[in-house]
Colleague: 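Take a look at this one; I'll ask things after.
The first residue of the sequence shown is numbered 1, and numbering continues consecutively from there. Atom set for the values below is all heavy atoms of this structure, side chains included, hydrogens, waters and symmetry mates excluded.
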Amino acid sequence: EVRRGPQGALYGSDSMGGAVNYIPTPPNLAASELSVQGSASLMHNSSVGGAGKLMFNTPLFADTSLGEYGMAVRGVAYYQVTPGAIDNLGTGHDQANASKNGGGRLIFGWAPTGNSVLRLTGLYQKTTVEDAGYMDPSLGDLKKSTIEPEPSDNSVRIATLRYELEQDYGSWSFIGGFQDKRMHIMYDGTTALGASATGLKLPLTMVGEVTGYSAELRFASAPADRYSWLAGVAYADRKQDSTTELNAGLLQGATGIIG
C-alpha cells in the first residue's frame with residue numbers, strides 16, 4: 001500500500017513525504033495452498049538468467065481446541081540468478097557483474113479467539129554480486145576496467161511479532177520487531193586512486209552492520225461518521241557499525257602516489 005505523507009504517527013519520523021508499506025500475504029487459516037513459479041530473462045550483452053519461487057500454506061491443529069479459530073503456517077522461498085551485462089576489460093571477465101539473490105519468509109498465524117490474530121514472521125535474504133555494476137563511458141558501451149573485481153555481499157534478517165485485537169469500540173495492535181542488515185563490499189582501490197600504472201593490487205574493503213529493535217502499542221478508534229482517532233506509544237533502538245580498510249602501506253614504494 002502507498003500512503004501519502006506525512007505518516008509519522010504510523011511509520012516514524014522518516015515518513016514525512018509518505019510511505020510504501022509492503023504487506024505480505026498472511027497465512028490462510030482454513031485451507032492448504034501450494035504454488036510454484038519460474039521465469040527466464042535475457043538482456044543485451046548478457047546471457048539467460050532465471051528465477052524460481054515456491055509457496056506453501058498449511059493449517060495446523062485444525063481438529064483440536066488449539067486451532068478452533070484457525071492456525072496455519074505459510075512459507076515462501078525464492079532464488080534468482082542474473083547474468084552480468086558489463087565487461088571488465090581490466091580483469092578480462094565478460095558479463096562480470098553477475099548476481100545471485102535468494103531467501104525466504106515464514107509466517108506463523110494463529111487466531112486465539114474469534115476477534116484476535118497473532119502473527120510471527122521471519123525473513124532472510126542474501127544478495128551476492130561478483131563485480132560492481134557501473135561502467136566507464138570512455139571505454140565504450142557497457143565497459144569498465146579495474147585491476148581487481150569489486151564483489152559485494154549483502155544480507156538481511158527480519159523478525160516480527162504482531163498481535164491484533166478487535167473490539168466494538170476500536171482495535172488494539174502490538175508490533176515488535178528485530179532487524180539485522182550486513183554488507184561486505186570490496187572496491188579496486190588502485191583504480192579509484194588513479195594508480196593503475198603501478199600494477200599494485202590495493203583492495204578497499206567496506207564492512208557494515210545495522211541492528212535494531214522496535215516495539216509499538218497502538219489503539220485505533222472504531223470508524224465513525226464524522227471523525228476517528230489513533231493513539232500509541234513506540235520505542236526503537238538502532239546500532240550501526242561500519243569500517244573501511246585500505247592498506248596504504250602498499251603504496252609507499254610507488255613514486256608520486258604517497259610521498
Side-chain angles (χ1 to χ4, degrees), residues 1-2 11-12 19-43 46-62 66-67 70-84 97-112 117-133 151-164 173-186 207-216 236-241:
E1 63 179 352
V2 179
Y11 300 104
V20 178
N21 185 24
Y22 292 89
I23 304 175
T25 303
N28 186 334
L29 304 181
S32 297
E33 300 176 3
L34 179 65
S35 176
V36 179
Q37 177 182 337
S39 63
S41 62
L42 178 62
M43 300 185 299
S46 186
S47 54
V48 177
K53 298 180 181 180
L54 170 67
M55 183 280 295
F56 71 90
N57 184 102
T58 180
L60 303 173
F61 305 108
L66 189 63
M71 179 186 296
V73 62
R74 185 182 190 91
V76 176
Y78 55 91
Y79 187 73
Q80 180 178 3
V81 177
T82 304
N97 62 314
S99 65
K100 298 178 181 179
N101 181 40
R105 181 178 68 247
L106 190 66
I107 305 178
F108 168 78
W110 178 37
V117 175
L118 173 70
R119 295 194 185 100
L120 299 173
T121 302
L123 179 147
Y124 175 78
Q125 176 176 287
K126 183 175 182 179
T127 302
T128 302
V129 181
E130 296 180 5
D131 200 349
S152 63
D153 190 324
N154 297 274
S155 65
V156 178
R157 293 184 298 159
I158 298 175
T160 62
L161 180 151
R162 186 183 187 103
Y163 178 73
E164 298 178 345
S173 299
F174 173 78
I175 307 168
F178 166 78
Q179 310 88 36
D180 180 83
K181 302 178 182 180
R182 304 183 183 188
M183 72 166 187
H184 185 280
I185 305 176
M186 183 174 294
V207 179
E209 180 177 6
V210 178
T211 57
Y213 300 87
S214 61
E216 179 181 358
D237 182 15
R238 178 179 177 181
K239 180 181 179 181
Q240 180 173 342
D241 295 316

Colleague: Using every non-hydrogen atom in the two residues, find where Leu106 and Val73 come nearest and quote the distance to one decimal.
Modeller: CD1-CG2, 3.7 Å
Colleague: Hey, can you pull the donor-acceptor pairs under 3.5 Å for the side chains in residues 48-61, sequence neighbours left out?
Modeller:
| residue | atom | partner | partner atom | Å |
| --- | --- | --- | --- | --- |
| Asn57 | OD1 | Asn28 | N | 2.9 |
| Asn57 | OD1 | Arg74 | NH1 | 3.4 |
| Asn57 | ND2 | Asn28 | O | 2.9 |
| Asn57 | ND2 | Ala31 | O | 2.9 |

Colleague: Nearest 0.5 angstrom please: Glu216 CD to Ile175 CD1, how far?
Modeller: 5.0 Å
Colleague: Drop me the distance from Glu209's CD to Lys181's NZ, to the nearest 0.5 angstrom.
Modeller: 12.5 Å
Colleague: List in chain and number order the residues that pass side chain to side chain donor-acceptor pair (under 3.5 Å) with Ser47, two or more places apart in sequence or in another chain; answer none if no residue qualifies.
Modeller: Gln95
Colleague: Would you name the heavy atoms of Gly70 and Leu29 that are closest together and state the gap between them?
Modeller: CA-CB, 3.9 Å
Colleague: Is any side-chain heavy atom of Arg238 closer than 4.5 Å to one of Val210?
Modeller: yes
Colleague: Using a 4.5 Å cut-off on heavy atoms from C-beta on, say whether the side chain of His184 contacts that of Arg182.
Modeller: no
Colleague: How far apart are the closest heavy atoms of Phe174 and Gly176, and which atoms are they?
Modeller: CE2-N, 4.1 Å
Colleague: What are the two closest non-hydrogen atoms of Leu118 and Pro112, and how far apart are they?
Modeller: N-CD, 4.3 Å
Colleague: If you look at every heavy atom in Tyr213 and Gln179, which pair is closest and at what distance?
Modeller: N-OE1, 4.2 Å
Colleague: Would Tyr78 and Gln125 count as having a side-chain donor-acceptor pair, cut-off 3.5 Å?
Modeller: yes
Colleague: Less than 4.5 Å apart, side chain to side chain, heavy atoms only: is that true for Arg119 and Pro27?
Modeller: yes
Colleague: Hey, can you pull the donor-acceptor pairs under 3.5 Å for the side chains in residues 153-163, sequence neighbours left out?
Modeller:
| residue | atom | partner | partner atom | Å |
| --- | --- | --- | --- | --- |
| Arg157 | NH2 | Asp180 | OD2 | 3.3 |
| Arg162 | NE | Glu164 | OE2 | 2.6 |
| Arg162 | NH2 | Glu164 | OE2 | 3.2 |

Colleague: Identify the two heavy atoms, one from Pro83 and one from Met43, that lie closest to each other, and give their separation to 0.1 Å.
Modeller: O-CE, 3.7 Å
Colleague: In Å and rounded to the nearest 0.5 Å, what is the CD to OG1 distance from Glu130 to Thr82?
Modeller: 11.0 Å
